[in-house]
Structure formats: C-alpha cells, structure tokens
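Please read these numbers as outputs of a predicted model, since none were measured by experiment. We name chains A, B, ... by the order of the sequence lines, and we start the count at 1 in each one.
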There are 2 protein chains.
Amino acid sequence: MNLPPRDAARDAAPDATPGARTSRGEESRQKIVDAALALFREKGYEDTTMRAVAERAGVALGNAYYYFQSKEHLLQAYYARSHEAHLERVKPILARERTLEGRLKGLLTAKIEGEEPYHRFAGLLFKSAADPESPLNPFSPESSATRQAATALFGEVLAGAKLRLPQDLKARLPQLLWLFEMSVILFWIHDRSPGRARTHALIEHATSLVVRLISLASNPFLAPLRKKALRLLDAISVAGP
Amino acid sequence: MNLPPRDAARDAAPDATPGARTSRGEESRQKIVDAALALFREKGYEDTTMRAVAERAGVALGNAYYYFQSKEHLLQAYYARSHEAHLERVKPILARERTLEGRLKGLLTAKIEGEEPYHRFAGLLFKSAADPESPLNPFSPESSATRQAATALFGEVLAGAKLRLPQDLKARLPQLLWLFEMSVILFWIHDRSPGRARTHALIEHATSLVVRLISLASNPFLAPLRKKALRLLDAISVAGP
DNA sequence: CCCTCCAGTTGAACACGTTCAACTAGCCCC
DNA sequence: GGGGCTAGTTGAACGTGTTCAACTGGAGGG
C-alpha cells in the first residue's frame, strides 16, 4: 500500500497540522510518534488510547492533536517508516534479479515479509486507504506524489528486466503492476494460513501468470485487443477519478 | 480469486444478536432498521448517531443494541435490502438482454444507479472489505450468504447468454465476474465526476473488454494459459464442500 | 387469581476521540 | 529591560458508540 509521506500530506492539506518549528516542538512530536508506535505494536491500534499515547510521551492529551489531526494520522508515521524499509529491502533484489518474473516475485515477497510483524494492524492502514474521504487513501490527490513514487519503482522493475515491450504498453504497465501489488496486499491482509502460505502461493502463481499475460499482450497478433485495453485506461485514467 | 478463510473459532459467533422472537420484538427491529436507513440516506453514516436512530425509531438507545451488535451491523441490513432491490431491477434486464455483454452492462448499470442515493456512505463497504476483523467484510462468513447470492446471480447472467464456454472456465467465471463487479463498485465509490460519467465509461469499455477476454480464454489455442490461471484459483481457494 | 419467567426495554454510566479557550515560555524588537 | 508576539501546551468539556444492571409486560402454569 502506498500512502503519502508525512511532509507531502501536511503540505497539501489546507488545514494541515503544523510541523514543529522549534527544537522543543520537534522533540514533542518525536516523543508522540515513538510512544504511539510502541503502543500500537504492544497492544494493537484499537486498544491504544490517545490518552495512553500522551501519557507515555509525557505530554498532555491535547498536545498530540497539535501535531496529528487524528489518531488515524499517527498511522502515517508507521507507514513512512515501513516504506523506507521496503525500499532498502528491494534494492539488492533488483540489483540481482534480471528477469521480470524474478524481480516482481522478489519485490512482492520482500513486501509481505517486511510487513509481517505488522500484519495485525496493516489491515487498519488499508482500511483507511480504502476510504474515499481519507487523505490516506492512495487514490486521493494528496497521495499522488506517493502513488507516482510507487509506480516509479515498478518502472525501475521493468527497466532492469530484459524485455521488449510495445511502447504504449510500457507506459501504462507500472500503474498496472502497482494495482497488482495492491491486490496481493489485500489478499495478504486476509490471509490467516500458517506462514502466509496462501499469499506466497498467490505470488508464485500470479506473478508468472502476469508475466505471460504481458508477453501475450505484446504479441502483434493481439494488438487490437491491447489497444482497446489501453484506451480504457486512458478513458478512466487508471489511478481513479 | 478467493480470499483465505477466517478462523473457524471466530466463525461460530457465540454472542450473536438474537432475532426477534416476538411480534412486538419484530416490530421494534423493523422500526430500528427503517430509521437507520432513512438517516443514513439523509445525513450519511458518520453523521447519523445511534441516539438519533433510536429516537426516530421511538425506542430507547440501548434497545438498538439488543438487536444489532454495533452501528456497523446496521449496515448489513442495508446491504441485504439493497441486494434485494438490485435483484428486482435486474430481473427485467436479464429477461430482455440475450448477449453476455448486454447482460453484464445492464446489471452493472442497474447496480450503480440503484446505489446512487447511498453513494456518500457506500465507501464504508470497502473500508470494511479491507478490514479482516469486520463482519461487514464481503469475504467474511457473516457475508457468505450475500456473497453466494451475488455469484449465483452471475451464474444466471452466464446461463442466459448464448455462449459456449469450456467447462473449467464456466465453473469459475461467476466468482471472477463478481470480483469484476466489486472493482467497478470500488471505482464508483471514488468517482466524483458529474453523473458518475467516469464509472459509466468504465462499465462501457471494461465490460466489452471482459467479454472479449472471455472468448479469448475460450480459444483452444490458449488452453494452457487458461489452465494455468484456473490452477491459480484452485491453489488459493478454499476447498469448499 | 396470582405467581413465575423471560424476551424485551430502559437510560444512566463509561471510555473513548476530539475540540477549545485559556495559559506558558522563549524569542525579537524597541 | 520590558512588552508583545506566537509556537507550543494544557486539561476540562463535549458528543460519540457501547455496556449494563435494573425494570416491564404479558404469556402460561398452578
């Protein structure tokens, strides 16, 4: 899932919560984030109260709301952290794998394994992300920067693979692969099988299927169908209205 | 695609809210549902309070919780009712349209037009869809009746269309079409264009594309790829009775 | 006729997320 | 040094969803 980085979200929102302008302020903000993430991990999101966060951070209840519009917004801090970790994990994989299939599988596997410790509240993140009203929602204008960053990563996945693609498809594929990743994550969130065996099976089979579909779509014989599909994407602009 | 099953332990909802056992009770339950749906439509979900629901229903606050475990559970009543209304709207369409494309387009258009009054809070459906803990989640056991009804409807859509399909594909297609419908609804939820023009465009283009993909998948020439895709579904599906 | 029983009903009470008017502390300008 | 100015801070107060112990009404048995 791809949520906007903290700073971008704050700058885009009209009534955004202020960033700290003071070293004292920055310290408070940090203490609040640290307290929140620790409590989320210890007790889960629902059982963590804002009062408990404020108490552990050593600030007043209202102070947390000076830096974070809502409890939900505290999750953004977690997301920012986890996305950076994901980039780090993916870097060596992309350096090693040279086939599209290997690169995709590596990326997706790294994603779900990196998120594994947070499986129980990753669902909550996705929940906010699916709400059209929420600024955390990946289809929102506020998130466009992050969305582009995420699709750019898939652009890199494609660029490093030995692959010949029609130009029109190549332009749209990163967005489509991002949607694929989102689907895998949605599946993973619901997956309760031991070791997330089902999600691993999904990645294994679906990735290889996706790669075959891509090469099928590249077949000149099927160009009309491909054009039709791409026209659909143009008409609705894949990221959503 | 099927999502993984939930824990059997939780499935056995031990403290399920009782159905009414009395005519007086049935009346109360009905008044509460009516009040809730009216208020949801008038003010949206968030701005509807349980106190307002109880007041309009003419019962005490606590009484609503005798029949519904939570505010969220009131939404299930909406889903059930909306599906019934959908069936009524779809009936004449399926009686008239004889091509798969016409039947699908008719069904999807009826869906989003029927849901239009509830657009502003329909986003909650997907919030719940993303939350594995929620009983409203369409993949949950509590929703299995609705889910099966929905896939059964797509079975009817297929049965009434003049179409030759490989048997293996035919068996899985209703589920796949249901996922297609869910995707359209997800798009619609985020659609803020006037008259939902974008969603109508999506239905127009995507349906015709889906129909072509189905006939492509039926091509004996592509049987290996089709088998591979169906094996994927088998691998991640629940082994049902 | 009264007693028992229990589905149904009640609203006060609770804990929570969130808001807000008032306060504090450090910095800058005169 | 004093007088603002404002980022930062405070906790009481509000409205919410939810819980619960107490109550009610009417059906059925004696």
Side-chain angles (χ1 to χ4, degrees), chain A residues 10 13-33 35-36 39-40 43-77 121 124 127-128 131 133-136, chain B residues 13-33 35-36 39-40 43-78 121 124 127-128 131 133-136:
Chain A
R10 207 170 54 239
D15 52 347
T17 314
R21 304 219 208 297
T22 295
S23 67
R24 176 162 140 259
E26 184 51 49
E27 191 182 338
S28 288
R29 186 190 192 103
Q30 203 57 49
K31 282 191 298 183
I32 291 166
V33 173
L39 285 168
F40 288 164
K43 320 175 60 134
Y45 180 79
E46 306 285 355
D47 291 341
T48 297
T49 70
M50 291 298 280
R51 283 166 181 82
V53 170
E55 190 181 0
R56 182 172 295 200
V59 301
L61 172 59
N63 196 226
Y65 285 92
Y66 183 75
Y67 292 106
F68 300 93
Q69 269 177 44
S70 70
K71 187 182 177 184
E72 228 183 325
H73 279 73
L74 278 169
L75 283 175
Q76 268 180 320
F121 76 62
L124 290 160
K127 189 173 171 179
S128 320
D131 179 4
E133 308 295 335
S134 171
L136 279 68
Chain B
D15 51 350
T17 313
R21 304 217 207 299
T22 296
S23 67
R24 177 160 140 259
E26 183 50 49
E27 193 183 338
S28 288
R29 184 188 195 104
Q30 204 57 48
K31 282 191 299 183
I32 292 166
V33 173
L39 285 168
F40 287 165
K43 319 175 60 131
Y45 179 80
E46 306 286 353
D47 291 341
T48 296
T49 69
M50 290 299 279
R51 284 165 181 80
V53 170
E55 189 182 0
R56 182 173 295 201
V59 301
L61 172 60
N63 196 226
Y65 285 92
Y66 183 75
Y67 291 105
F68 299 93
Q69 268 178 45
S70 71
K71 186 183 177 185
E72 239 187 324
H73 277 74
L74 278 170
L75 280 177
Q76 246 172 347
Y78 154 67
F121 78 95
L124 293 163
K127 263 187 110 156
S128 314
D131 180 8
E133 308 296 334
S134 169
L136 287 154

Rounded distance (nearest 0.5 Å) linking atom CG of B/Asp47 with atom CG of B/Leu39: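 It is 11.0 Å, given to the nearest 0.5 Å.
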
Straight-line distance of A/Phe68 CZ to A/Leu75 CG, nearest 0.5 Å: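 Reported value, rounded in 0.5 Å steps: 11.0 Å.
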
Nearest listed nucleotide, side chain of B/Tyr67, among D/dG11, C/dT18, C/dG8: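 Among D/dG11, C/dT18, C/dG8, the one nearest the side chain of B/Tyr67 is C/dG8.
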
Which nucleotide in C/dT10, D/dT10, C/dT18 has an atom nearest any side-chain atom of B/Asn63: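 Selected nucleotide: C/dT10.
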
Residue pair A/Leu74, A/Met50: steps toward the side chain to side chain contact (heavy atoms under 4.5 Å, CB included) verdict: CA-CA 10 Å; A/Leu74 278 169; A/Met50 291 298 280; 4.0 Å; yes

Dot-bracket encoding per residue of DNA chain D, Watson-Crick/G-U cut-off under 3.5 Å, | denoting interstrand: ||||||||||||||||||||||||||||||

For nucleotides 22-24 of chain C, give me every protein contact, N/O to N/O, under 3.5 Å, one pair per line with atom names.
none

Nearest heavy-atom neighbours spanning [X] and [Y]:
X       : Y       : result
B/Tyr67 : B/Ser28 : CE1-CB, 3.9 Å
B/Ala64 : B/Ile32 : CA-CD1, 3.8 Å
A/Thr48 : A/Val53 : CG2-CG2, 3.6 Å

So, is [X] close to the [N] phosphate, meaning a side-chain N or O under 4.0 Å from OP1 or OP2?
X       : N      : result
B/Ser70 : D/dG17 : no
B/Tyr66 : C/dG8  : yes
B/Tyr65 : D/dT19 : no

Distance under 6.0 Å and angle within 45° of ring axis: A/Arg29 vs A/Tyr66: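 Geometry flag: not set, cation outside 6.0 Å or 45°.
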
What integer distance in Å separates [X]:[atom1] from [N]:[atom2]?
X       : N      : atom1 : atom2 : value
B/Glu55 : C/dT10 : CD    : P     : 13 Å
B/Glu27 : C/dT9  : CD    : C1'   : 14 Å
A/Lys71 : C/dC16 : NZ    : P     : 9 Å
A/His73 : C/dG17 : NE2   : C1'   : 14 Å
A/Leu61 : D/dT9  : CG    : P     : 14 Å

Test log, rule side chain to side chain contact (heavy atoms under 4.5 Å, CB included), inputs A/Lys71 and A/Tyr45: CA-CA 9 Å; A/Lys71 187 182 177 184; A/Tyr45 180 79; 3.4 Å; yes

Within residues 43-53 of chain A, residues whose heavy atoms come under 4.0 Å of DNA chain C: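 A/Thr48, A/Thr49, A/Met50, A/Arg51, in order of number.
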
